[in-house]
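Written below as structure tokens is the structure these notes are about.
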Number of protein chains: 2
Amino acid sequence: MSRQWQTYSVPNPSYFLVNPTDNNTNTTPALTLAEAKAQFIHTWGVSGASWGVSKTLAQVHALLLVSPGALSTEDLMEQLKISRGNASMTVRDLLDWGLIYKELRPGERREYFVAEKDMLQVTRCIIRARKRRELDQMKRSLDQLANLPGDPADAEYRAFHTALTDIQQLANVSEKLLNRLMQAEKSWFWDKFMKLFM
Amino acid sequence: MSRQWQTYSVPNPSYFLVNPTDNNTNTTPALTLAEAKAQFIHTWGVSGASWGVSKTLAQVHALLLVSPGALSTEDLMEQLKISRGNASMTVRDLLDWGLIYKELRPGERREYFVAEKDMLQVTRCIIRARKRRELDQMKRSLDQLANLPGDPADAEYRAFHTALTDIQQLANVSEKLLNRLMQAEKSWFWDKFMKLFM
DNA sequence: CACAAGTTTCAATAATTATTGAAACTTGTG
DNA sequence: CACAAGTTTCAATAATTATTGAAACTTGTG
């Protein structure tokens, strides 16, 4: 089993080939489930990195998302080939984001983790965390700059003031939109929202 | 002049103090315009870094946004204290994103750059570039994985398949929402959109 | 309270990403 | 076509960020 996971870090070009161990009949899948998982984890890691999260964080999340049961720190270390320290910190981050939960098993000291599987909920968690880190932080900085008094006849001042108020306006709209998305009920999301926008 | 810009790289705590060169009457601003600009450029750089763009890219963009006229590569280098190579590459990136324009002056070989000042347009450019880099890229990878055939009685397979189709569904909605936002006319944006969401 | 079975922390290090700066290139003009 | 005034490229380096792994810590149990 553990051999199959090595493709997490080094994606294997044979993904795109027919599984060499089957007889190549047209009913067999081109990918085994384990290969597909590995590829998904890789993809999710790359996507995560292009957002601001570390590759490992995204990969742990991906692995838990596609795992039917809960996994322990030990499992994560082994399957993703990461160190104990890394696993511990990553898991803590994911708990903070609200993307995974601890699962305690009676009589066991070891902790297990399950992913939040409801994608709408996942989206909310991500929006909440990123909004706090990026938008709210920025709004605070802008507020004290936008109403700097100055001479409206000065082109330098006008350019500055216009740019800042425009950005503030945009930030306000974004904030409201994000708040709406976060509150969204499943039904609201799929009904009103989807129908409106398509 | 050039001394004032040093706060771009090392934010100066005196931002929050009354300008020591004025007489501290209550009609004088707490910040000079140059200080406020420097602080804005710093803020925008930090925000940019928490998205996926380099600090320099965000700062060049910020500087051009608050500059009433066009600036040359030389101006950018001097005001942001960056190297010629860095300025050249950053400017090219910003041109690619569509966030700035070249301004050619008859009889001069030197190139000048102006920022797109319409924030709605800026938003569109950013959405377009990021969507292409992140969402479209991901969708492509997921498509080939989501319809992997398998045994629906296998919990491993079910978990994988459910997670992937859920993510695809979410990606589709996101794509449509982003497309809508990109098409949005100014009037549509402020009327329909803002009113609906507030 | 000693110990076993875990988890967390954090300094050192590895990996990645951004930046510099000099050399190569481009382009218009006498 | 030589030169001046710029721009671009890219290998070397600096700066930043992620990861390791060993030591410190925690917690439940005999």
Side-chain angles (χ1 to χ4, degrees), chain A residues 6 8-11 41-42 44-63 70-97 100-113 133, chain B residues 8-11 41-42 44-63 70-97 100-113 133-134:
Chain A
Q6 77 195 0
Y8 284 164
S9 33
V10 181
I41 289 167
H42 176 254
W44 204 245
V46 171
S47 299
S50 84
W51 284 72
V53 306
S54 88
K55 196 189 61 182
T56 304
L57 187 112
Q59 289 190 328
V60 169
H61 185 220
L63 175 54
L71 299 180
S72 68
T73 306
E74 210 74 40
D75 295 329
L76 298 174
M77 287 166 58
E78 185 190 326
Q79 298 197 2
L80 298 173
K81 303 256 191 293
I82 58 175
S83 71
R84 187 171 299 284
N86 196 0
S88 165
M89 294 179 90
T90 299
V91 149
R92 184 148 52 77
D93 277 359
L94 285 168
L95 288 167
D96 284 349
W97 284 57
I100 65 174
Y101 307 111
K102 257 185 194 168
E103 187 183 284
L104 295 171
R105 297 188 180 169
E108 273 197 78
R109 187 161 317 162
R110 183 173 287 194
E111 295 172 330
Y112 291 81
F113 305 96
R133 225 176 53 181
Chain B
Y8 284 164
S9 35
V10 181
I41 288 167
H42 176 254
W44 204 246
V46 171
S47 301
S50 83
W51 283 71
V53 305
S54 88
K55 196 188 62 183
T56 304
L57 188 114
Q59 289 189 328
V60 170
H61 185 221
L63 175 55
L71 300 179
S72 68
T73 306
E74 209 74 39
D75 296 329
L76 299 174
M77 288 167 58
E78 185 189 328
Q79 298 195 2
L80 298 173
K81 303 256 190 292
I82 59 176
S83 71
R84 188 171 300 283
N86 196 1
S88 166
M89 293 179 90
T90 299
V91 150
R92 185 149 51 78
D93 276 359
L94 285 168
L95 287 167
D96 283 350
W97 285 58
I100 65 174
Y101 307 110
K102 258 186 194 167
E103 188 184 285
L104 295 172
R105 298 189 180 169
E108 273 197 77
R109 187 163 317 163
R110 182 174 289 194
E111 295 172 331
Y112 291 81
F113 304 96
R133 223 174 56 180
E134 291 158 27

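Residue numbers start from 1 in every chain, and the chains themselves are labelled A, B, ... in the order their sequence lines are given, proteins ahead of strands.
The shortest non-hydrogen separation linking A:Gln79 to A:Leu63 is OE1-CD1, 3.5 Å.
Partners of B:Glu103 under the side-chain hydrogen bond (donor to acceptor under 3.5 Å, both in side chains) rule, at least two apart in sequence or in another chain, are B:Arg105. Listed by chain and number, the residues in a side chain to side chain contact (heavy atoms under 4.5 Å, CB included) with A:Thr73 are A:Met77, A:Ala87, A:Phe113 (sequence neighbours excluded). Every residue was checked against the salt bridge (Lys or Arg N to Asp or Glu O under 4.0 Å) condition with A:Arg133, not counting sequence neighbours, and none meets it. With sequence neighbours excluded, no residue forms a side-chain hydrogen bond (donor to acceptor under 3.5 Å, both in side chains) with A:Arg109. B:Ser72 meets the side-chain hydrogen bond (donor to acceptor under 3.5 Å, both in side chains) test with B:Asp75; sequence neighbours excluded. With sequence neighbours excluded, no residue forms a side-chain hydrogen bond (donor to acceptor under 3.5 Å, both in side chains) with B:Asp93. Applying the side chain to side chain contact (heavy atoms under 4.5 Å, CB included) rule to A:Val53 yields the partners A:Leu57, A:Ala58, A:Trp97; only residues at least two apart in sequence or on another chain are considered.
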Filtered N/O pairs between nucleotides 17-19 of chain C and protein, under 3.5 Å:
residue : atom : partner : partner atom : Å
C:dT19  : OP1  : B:Thr56 : OG1          : 2.7
C:dT19  : OP2  : B:Thr56 : OG1          : 3.0

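The CE-P distance, from A:Met77 to D:dG21, rounds to 9 Å in whole Å. Regarding B:Leu76, its CG atom lies at a distance of 15 Å from the P atom of D:dG6, rounded to whole Å. B:Arg110 places its CZ atom 17 Å from the P atom of D:dA4, with the value rounded to the nearest Å.
Expressed to the nearest 0.5 Å, how far CG of B:Asn86 lies from CG of B:Leu76 amounts to 10.5 Å. We find the CD-NE2 distance between A:Gln59 and A:His42 to be 7.5 Å, quoted to the nearest 0.5 Å.
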Check against side chain to side chain contact (heavy atoms under 4.5 Å, CB included), A:Glu111 and A:Leu104
CA-CA 6 Å; A:Glu111 295 172 330; A:Leu104 295 171; 4.0 Å; yes
Canonical and wobble pairing (Watson-Crick, G-U, under 3.5 Å) of DNA chain D, dot-bracket with |
||||||||||||||||||||||||||||||
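At the phosphate of C:dT9, OP1 or OP2 sits under 4.0 Å from a side-chain N or O atom of A:Arg92.
Residue contacts shown for A:Glu74 are absent, as no nucleic acid heavy atom lies under 4.0 Å away. If you check every strand for non-hydrogen atoms under 4.0 Å, A:Arg84 touches a base.
Listed by residue number, the members of residues 100-109 of chain B with any heavy atom below 4.0 angstrom from DNA chain D are B:Arg109.
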